[in-house]
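Here the structure is a predicted model, which means the values were calculated and not measured. Both backbone and side-chain heavy atoms feed into the values below; hydrogens, waters and symmetry mates do not.
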Amino acid sequence: MSTSMNKAPRFWFLLLLLGSCAFAKDAVITLQGEIVDSQCAYNVHSTDHTHSSMTKKGVYGRDAISCTTHCVKEMGGNFVLVVKDDIYHLDGSVQLEPFAGKKVKVSGILDPKTQTLHIQKMEADK
């Protein structure tokens, strides 16, 4: 038997393995968290990665919604999704401002290199 015949099964196995990894990379995931601004999420102005320290001082609003909106519109922040200790950048055609400072359920495809969630669907979390 020739050596090229022995390599054929390995070639197809590797091709199948690479193909399955590509599909897994583009799998839709669903996350539940809060839409906040990157300023508070990354502790730029906040002392505890939340809005509470800023709203208690009355610095950037009276609640999570007004703080998030202010930091995005006036301070150069971006909307991000916070899930426990993880922060996800958001990309997609979904209008994010109506969800500012609110708990949401988001479905999309995650780019693990940039921690960006490409949103396909977003709804208020009940």
*Asks:* Could you state the interatomic distance from CG (Leu96) to OG1 (Thr68), rounded to the nearest 0.5 Å?
*Replies:* 11.5 Å
*Asks:* Under 3.5 Å, side chain of Ser66 to main-chain N/O of Asp63, donor-acceptor pair present?
*Replies:*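 Flag set: sc Ser66 to bb Asp63 pair under 3.5 Å.
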*Asks:* Quick check: does any side chain N or O of Gln39 sit under 3.5 Å from a backbone N or O of Met75, one acting as donor and the other as acceptor?
*Replies:* yes
*Asks:* Would you indicate whether the side-chain heavy atoms of Leu81 and Ile35 approach each other to under 4.5 Å?
*Replies:*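 Side-chain contact under 4.5 Å: yes.
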*Asks:* Within the side chain of Ser38, is there an N or O that forms a donor-acceptor pair under 3.5 Å with the backbone of Asn78?
*Replies:* yes
*Asks:* How about Leu117 and Ile29: do any of their side-chain heavy atoms sit closer than 4.5 Å?
*Replies:*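 Sidechains of Ile29 and Leu117: in contact.
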*Asks:* Kindly write out the residues that satisfy salt bridge (charged side-chain N to carboxylate O under 4.0 Å, His left out) with Lys105, not counting sequence neighbours, or none if the list is empty.
*Replies:* none
*Asks:* Check whether any side-chain heavy atom of Leu110 lies under 4.5 Å from a side-chain heavy atom of Leu31, and answer yes or no.
*Replies:*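 A side-chain contact is absent here, since even the closest heavy-atom pair is not under 4.5 Å.
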*Asks:* Show the nearest heavy-atom pair for residues Gln115 and Tyr88, with the distance to one decimal.
*Replies:*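 Nearest pair, atom of Gln115 first, then Tyr88: NE2-CE2, 3.2 Å.
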*Asks:* Can you name the closest pair of heavy atoms from Thr69 and Ala100 and give their distance?
*Replies:* OG1-CB, 3.8 Å
*Asks:* Please examine the side chains of Phe99 and Val106, heavy atoms only from C-beta on, and report whether any two atoms are closer than 4.5 Å.
*Replies:* no
*Asks:* Locate the shortest heavy-atom distance separating Ala41 from Val80; write the atom from each residue and the value.
*Replies:*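 Closest approach of Ala41 to Val80, heavy atoms only: CB-CG2, 3.8 Å.
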*Asks:* Would you check if Asp111 and His89 make a side-chain contact, meaning some heavy-atom pair closer than 4.5 Å?
*Replies:*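 No, every pair of side-chain atoms sits at 4.5 Å or beyond.
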*Asks:* Asp91 and Thr116: which non-hydrogen atoms are nearest, and at how many Å?
*Replies:* CB-CG2, 3.7 Å
*Asks:* Atom CG in Asp37, atom CD in Glu74: separation rounded to 0.5 Å?
*Replies:* 12.0 Å
*Asks:* Indicate the atoms forming the closest heavy-atom contact of Val28 with Ser107, along with that distance.
*Replies:* CG1-CB, 4.2 Å
*Asks:* Could you report the tightest heavy-atom contact between Lys102 and Ile65, atom names first, then the distance?
*Replies:* CE-CD1, 3.8 Å
